[in-house]
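We use all heavy atoms of the structure for the numbers below, so side chains are in, but hydrogens, waters and symmetry mates are not. One-based numbering, in listed order, for ligands and for the atoms of each.
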Amino acid sequence: MERSGPHHTIETPRSSIGAIAIIRVVHPDPTQLGLTNLRDGQVRLAKFWDIDEGVLVRWDPDSIMLMPHGGIAIVRAISQKLANLGVPLAEFADPCAVYPEAETEIEAYMLAALARAPSPQAVDILLEQPRRWRALGIETIECANAVIDFSAESELTRLIEPVIVAAVGRANVGKSTLINALVGEHVAIVADLAGTTRDHVGVLVDLGGLVVRWIDTPGIDERVEDGDEIDLALGVVRRADLIVHCVDSNDIDARLDERLSDAVHRDAQLVVVGTRADLGEHQSGVDLRISINADGSMLGIESLVERIRECLVPESTMSDPRPWRFWEQI
Ligand SMILES: Nc1nc2c(ncn2[C@@H]2O[C@H](COP(=O)(O)OP(=O)(O)OP(=O)(O)O)[C@@H](O)[C@H]2O)c(=O)[nH]1
Ligand SMILES: [Mg+2]
C-alpha cells in the first residue's frame, strides 16, 4: 500500500471538527512547497501559505506534519493547495510508514484507525486490539486475515464508520426539535454539507460515545402526495441503518406511512419514539416516550440515546473479549 512520490494524507477524521488537524506531507524538500524545512524531531510554529498558522513537525526523514486548526474548510483548503503544488491526497497511506514507532503491523493499523475513528467509544476497544491479536500469536494483518470471521465485527465497524439514523414521522411531531436537542446536548459535529441540498448528509452527533449520522426528514402522512418530499424521505429511509419513527400523542396509530415502511432496508432497526409526551398519552406501540419543552427541560432523551446505542453497538459486543479485524474499515 506504500505510495511513492510526493503525496499527503489527512490523519484526523475529515468530517469532524477538532482543535487541530494533522496533515502528513511526504516530499523530499518541503521548501519547494513554501514550507520551512526542519531537522528530525523539530517542531515550529509556521504559516501555511495564506490559509492558516499552526504547528509544523518533522516526524521522520520522509515526511513533515502540518497541524493547522481543525476546521473542515481549512483542512480542505490546505489539501487543495498541496494538490495544486503537485502533492496529491493519498487516501490510503501505509500505516507502518506513518507510525514507524509501532511495534507490530497491527499496532500501526490500530494507530491509523484511532486517528480517524469519530466515536469516542472506539478508543478503548481499538487500544486493546494489538494485545488481543498478540495473545493469539498474531502480529501481522496477513496472519490475522487468515483467521475465521468473528461475528461481532459488523457492529464494531459502526465505531469507525458512522451509521445513518433517519428520523421519520408525520408533520409536526417533533422530529426537528429532537435533533436540535440532541445536537445541543450531545456534542454535535457539524457534517460536511457541501453540495448536498437534495441528498441530505445530516449531522454527525455523538450519542454517548457513538457518533452517528442523523438525518431529519420532512413530515410524511397520507395527505402528502407523491413528489419531492416523499422522494427525499424515501432516499433517506432506504439508506438508514436505524429508523427513529416519531409518533405524536395525537397520532391515531403508531404505523409508519406505507410508502416509507416499504422502503426500510431489511437489516435496518426501528425505534418507535412517542414524542411530545407532555401533551398527552400515546397509543400502544411506542418503545419509549420523550418530551422536549420550550423552557429547555427534557424527559426521556438519555433513554433514547441509550436505546439507539444498544441497537447499533450493544454492550455485549463492546465487552466481547475477542480480537476485531478493524482495519477492513480504514
Ligand atoms: N410541548 C411540546 N412541544 C414540542 C415538543 N417537541 C416539539 N414540540 C413543538 O412541536 C412543534 C413541531 O415540532 P418540530 O420539531 O418542528 O416537528 P417536525 O416533526 O420536525 O415537523 P415537520 O418538519 O413539519 O415534519 C414545534 O412547535 C415544537 O416546538 C415537546 O416535547 N413538547
Ligand atoms: Mg421538521
Side-chain angles (χ1 to χ4, degrees), residues 163-193 196-208 212-264 268-309 311:
V163 302
I164 295 178
V165 174
V168 300
R170 291 164 176 255
N172 226 33
V173 297
K175 299 179 295 297
S176 302
T177 305
L178 171 58
I179 183 54
N180 288 340
L182 289 171
V183 164
E185 293 285 301
H186 293 267
V187 203
I189 307 162
V190 180
D192 178 3
L193 290 164
T196 54
T197 32
R198 286 291 320 275
D199 187 19
H200 281 213
V201 295
V203 288
L204 290 176
V205 56
D206 180 345
L207 300 179
V212 301
R213 196 175 285 282
W214 188 288
I215 309 186
D216 198 9
T217 64
I220 302 290
D221 58 36
E222 60 282 359
R223 288 166 304 182
V224 177
E225 290 174 13
D226 288 353
D228 281 356
E229 279 179 328
I230 287 275
D231 290 347
L232 199 146
L234 284 175
V236 173
V237 164
R238 279 195 198 103
R239 289 157 55 212
D241 302 274
L242 185 133
I243 308 280
V244 174
H245 178 201
C246 299
V247 178
D248 192 58
S249 48
N250 291 324
D251 284 353
I252 310 132
D253 65 46
R255 271 177 300 175
L256 188 59
D257 187 274
E258 228 172 65
R259 292 165 291 182
L260 297 188
S261 61
D262 287 349
V264 174
Q269 299 182 74
L270 177 70
V271 177
V272 184
V273 183
T275 51
R276 309 206 301 173
D278 55 310
L279 299 180
E281 282 299 312
H282 285 87
Q283 309 290 321
S284 59
V286 301
D287 294 318
L288 49 87
R289 305 172 78 223
I290 61 167
S291 68
I292 302 158
N293 295 93
D295 64 4
S297 61
M298 302 182 215
L299 277 177
I301 298 294
E302 290 307 322
S303 308
L304 174 60
V305 164
E306 196 155 304
R307 179 76 178 231
I308 293 173
R309 247 189 11 236
C311 280

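Within the 4.0 Å heavy-atom cutoff, Thr275 does not count among the residues contacting ligand 1.
With Arg239 contributing its side chain and Ala166 its backbone, the two residues share no donor-acceptor pair below 3.5 Å. For the pair Asp287 (side chain) and Val271 (backbone), a donor-acceptor distance under 3.5 Å is absent. Not a single donor-acceptor pair under 3.5 Å links the side chain of Asn293 to the backbone N or O of Asp295.
Looking only at heavy atoms of the protein, atom 26 (C) of ligand 1 is closest to Thr177 OG1, 4.6 Å. Looking at atom 22 (P) of ligand 1, its nearest protein heavy atom turns out to be Asn172 N, 3.5 Å. Gly174 N, 3.0 Å is the protein heavy atom nearest to atom 17 (O) of ligand 1. At the top of the distance list for atom 31 (O) of ligand 1, counting protein heavy atoms only, stands Ile292 N, 2.6 Å. In this structure, the protein non-hydrogen atom closest to atom 23 (O) of ligand 1 is Ser176 OG, 4.0 Å.
Ligand 1 places these atoms under 4.0 Å from at least one heavy atom of Leu279: 1 (N). Atom numbering of ligand 1 starts at 1 in the shown order; those under 4.0 Å from a heavy atom of Ala171 are 25 (O). Below 4.0 Å from some heavy atom of Gly219 lie the following atoms of ligand 1, by number and element: 25 (O). Close approach of ligand 1 to Ser291 is summarised as follows: ligand atoms under 4.0 Å from at least one heavy atom of the residue are 31 (O).
Taking CD1 of Ile292 as the reference point, atom CG of Leu182 lies at 7.0 Å (rounded to 0.5 Å).
Under the 4.0 angstrom criterion, atom 12 (C) of ligand 1 counts as having a protein heavy-atom contact. Counting only heavy atoms, the protein gets under 4.0 Å from atom 20 (O) of ligand 1.
The only option from Ile230, Leu234, Val168, Leu256 that meets the side chain to side chain contact (heavy atoms under 4.5 Å, CB included) definition with Ile220 turns out to be Ile230.
Contact check on Arg307 versus Glu302 returns no salt bridge, with no Lys/Arg side-chain nitrogen under 4.0 Å from an Asp/Glu carboxylate oxygen. Under the 4.0 Å criterion applied to side-chain N and carboxylate O atoms, Lys175 and Asp216 are not assigned as salt-bridge partners. Using a 4.0 Å cut-off between a side-chain N of Lys or Arg and a carboxylate O of Asp or Glu, Asp251 and Arg170 qualify as a salt bridge.
Heavy atoms only, all atoms of each residue included: Ala240 and Ala268 are closest at O-CB, 3.5 Å.
Residue-level proximity to ligand 1 for Asp216 is absent, since no heavy atom of it falls below 4.0 angstrom. Using a 4.0 Å cut-off between heavy atoms, Asp278 contacts ligand 1 through its side chain alone, with no backbone atom that close.
Nearest residue to atom 18 (P) of ligand 1 from Arg276, Lys175, Met298 is Lys175 (criterion: closest heavy atom).
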Practice task
Evaluate side-chain hydrogen bond (donor to acceptor under 3.5 Å, both in side chains) for Asp248 paired with Asn172, printing each intermediate quantity in order.
Solution key: CA-CA 8 Å; Asp248 192 58; Asn172 226 33; over 6 Å; no

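At least one N, O or S atom of Ser176 sits under 2.8 Å from the Mg ion (ligand 2).
For Ile290, no nitrogen or oxygen atom sits less than 3.5 Å from a nitrogen or oxygen atom of ligand 1, counting backbone and side chain alike. At under 3.5 Å, not a single nitrogen or oxygen of Leu178, backbone or side chain, sits near a nitrogen or oxygen of ligand 1.
By the 4.5 Å heavy-atom criterion applied to side chains, Ile308 and Leu242 are counted as neighbours.
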